[in-house]
There are 2 protein chains.
Amino acid sequence: MKLSIVLSLQPTRFASLTYQGKTEDYFQKIKTLGYDGVELAIRDPSLLDWNHLEESIKTSGLKVPAIGTGQAYIEEGLRFSSPSHEIRKRAIERIKLQILLAKRFQAGVIIGLIRGKVQGNEDLRRGFHWMIESLNACCEAAEKEGVFLWVEPLNRYEINLINTVEEGLGLLNQVGSENLGLLPDTFHMNIEEPIIEDSFRKARPYYNHVHIADSNRWPPGFGHIDFKSILQVLRETLFEGFLSVECLPKPDADEASERAIKFLRGIV
Amino acid sequence: MKLSIVLSLQPTRFASLTYQGKTEDYFQKIKTLGYDGVELAIRDPSLLDWNHLEESIKTSGLKVPAIGTGQAYIEEGLRFSSPSHEIRKRAIERIKLQILLAKRFQAGVIIGLIRGKVQGNEDLRRGFHWMIESLNACCEAAEKEGVFLWVEPLNRYEINLINTVEEGLGLLNQVGSENLGLLPDTFHMNIEEPIIEDSFRKARPYYNHVHIADSNRWPPGFGHIDFKSILQVLRETLFEGFLSVECLPKPDADEASERAIKFLRGIV
């Protein structure tokens with residue numbers, strides 16, 4: 001199976017990224033460790049030199065299977081579910097830009113935290129409605145560009161719109177775009193899914209990219225998730241996408257990326 | 001093994017309680033379902049009629065193994081780690097009152113959310129120091145009354161002081177009171193402990209009460225925690241306390257309490 005690891009191209013307060021920093025030198029390091037790809041976490045694509053980025057990636061020999069977008073929520077508060085028309089509009093524009101960048105790499109665009117947490121004083125159903133409306137606008141752009149959007153279910157503490165794979169499948173049904181899929185993440189699944197393996201089976205073929213972190217969000221092998229059993233399910237269901245490591249930089253960033261690929265290569 | 005279930009005696013925004021409401025009629029219901037005890041979640045003991053409560057408990061034939069105290073944080077913001085001397089003082093006074101009530105039932109007093117989350121603009125080490133200071137004051141009162149205080153490690157999203165059993169053991173060491181113990185909770189352990197069974201072993205004999213909820217905080221049997229394996233460890237390490245169900249009221253409060261005891265009686 002193909003392996004990638006998340007790299008943040010802009011500083012962020014989100015600690016669940018193995019590397020942080022703007023240096024493309026990391027690309028070579030990741031390649032040397034044996035990864036096939038690098039997943040990019042990008043707050044604002046307009047701040048990047050796209051041609052330079054493309055060149056660096058090409059030089060490294062890595063693929064870019066996916067682009068993560070949640071930093072725009074964490075750092076700027078942009079979200080699909082906001083009661084503010086202006087904030088929703090900016091969130092949609094941001095994702096549309098991510099779609100254009102993703103097109104260059106034939107990468108998927110991750111719809112995770114950008115959905116946003118509906119606040120205590122807001123109406124949850126109204127927030128859900130706005131999320132759908134924003135998603136529809138992005139799907140239209142994605143279809144036009146031939147890019148895929150992947151909705152990542154996140155655990156209840158991080159978001160209150162789409163926590164489980166089942167809710168994710170319901171959302172796909174409701175939106176009805178062929179360019180919309182899911183992105184299961186083992187850390188979140190350990191909290192939200194009754195039986196992780198069952199959820200992986202149920203969600204096929206609606207995902208082609210999987211986030212890997214152990215139960216404590218450390219690299220795989222540091223917690224109690226049964227990755228052997230999960231990989232067995234992925235093989236049985238003919239999964240051909242990337243397993244993408246998105247974990248805390250624990251014990252530190254270097255060791256996390258080394259331990260993760262060593263562990264995964266041992267079982268894939 | 002003895003089984004109990006959490007009952008909130010005052011309205012709360014904390015949903016992880018199988019029943020909510022002030023009616024002592026629930027005691028009989030819980031007894032009829034086959035539970036040996038009822039764990040009371042109490043925001044402010046001064047608002048209760050202690051004699052009436054004691055009488056109702058006696059009539060029901062239930063034990064009260066523990067008193068939960070986190071509502072004072074959720075509803076009133078009282079916490080051990082606050083930079084405000086006044087808030088810390090009120091939190092300590094509240095726990096001292098809980099100790100006096102607990103003495104009537106020979107119950108343990110739970111030190112969970114009352115530790116409080118250190119806020120982003122506060123210093124974490126300073127918050128830790130204040131938590132210890134507050135805990136010391138409460139331990140003194142607990143020793144005098146012959147009551148036990150149990151520090152419950154909670155997952156990273158709920159608190160940033162004592163998330164793991166290991167951190168809990170370090171705290172016991174630092175405080176050094178014979179009346180201070182731990183309270184492992186399977187829901188939180190699923191997120192924070194590398195191997196749940198190992199942590200149960202490591203923490204013996206520093207706990208005599210265990211919170212039970214499945215990985216998704218539903219009743220045991222609805223998620224993927226291996227309770228058989230955990231109970232095997234508890235038996236091997238001669239655990240004689242209560243398994244206390246603290247889960248979401250899912251599918252609803254009645255079914256949760258029925259399904260939980262049915263599941264647990266099937267494996268204890």
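Letters A, B, ... mirror the listed sequences (proteins, then strands); counts begin at 1.
At least one side-chain heavy atom of B:Ile196 sits less than 4.5 Å from a side-chain heavy atom of A:His224. Contact check for A:Tyr157 versus B:Arg156: no side-chain heavy atoms found under the 4.5 Å cut-off. Two residues are said to be in side-chain contact when any heavy atoms from C-beta on lie closer than 4.5 Å; B:Ile191 and A:Ile191 meet this criterion.
Between the CG atom in A:Asn155 and the CG atom in B:Asn155 there is a gap of 8.0 Å [rounded to 0.5 Å].
Other residues, nucleotides and ligands place no more than 12 heavy atoms under 6.0 Å from the CD atom of A:Glu166. Other residues, nucleotides and ligands contribute more than 12 heavy atoms inside 6.0 Å of the NZ atom of A:Lys117. Within 6.0 Å of the CZ atom in A:Phe263, the count of heavy atoms belonging to other residues, nucleotides or ligands exceeds 12.
Residue B:Ser215 comes nearest to A:Asn190 through the heavy atom pair CB-O, 3.7 Å, listed as atom of the first residue, atom of the second, then distance.
With a 4.5 angstrom heavy-atom cutoff, B:Asp214 does not touch chain A via any of its atoms.
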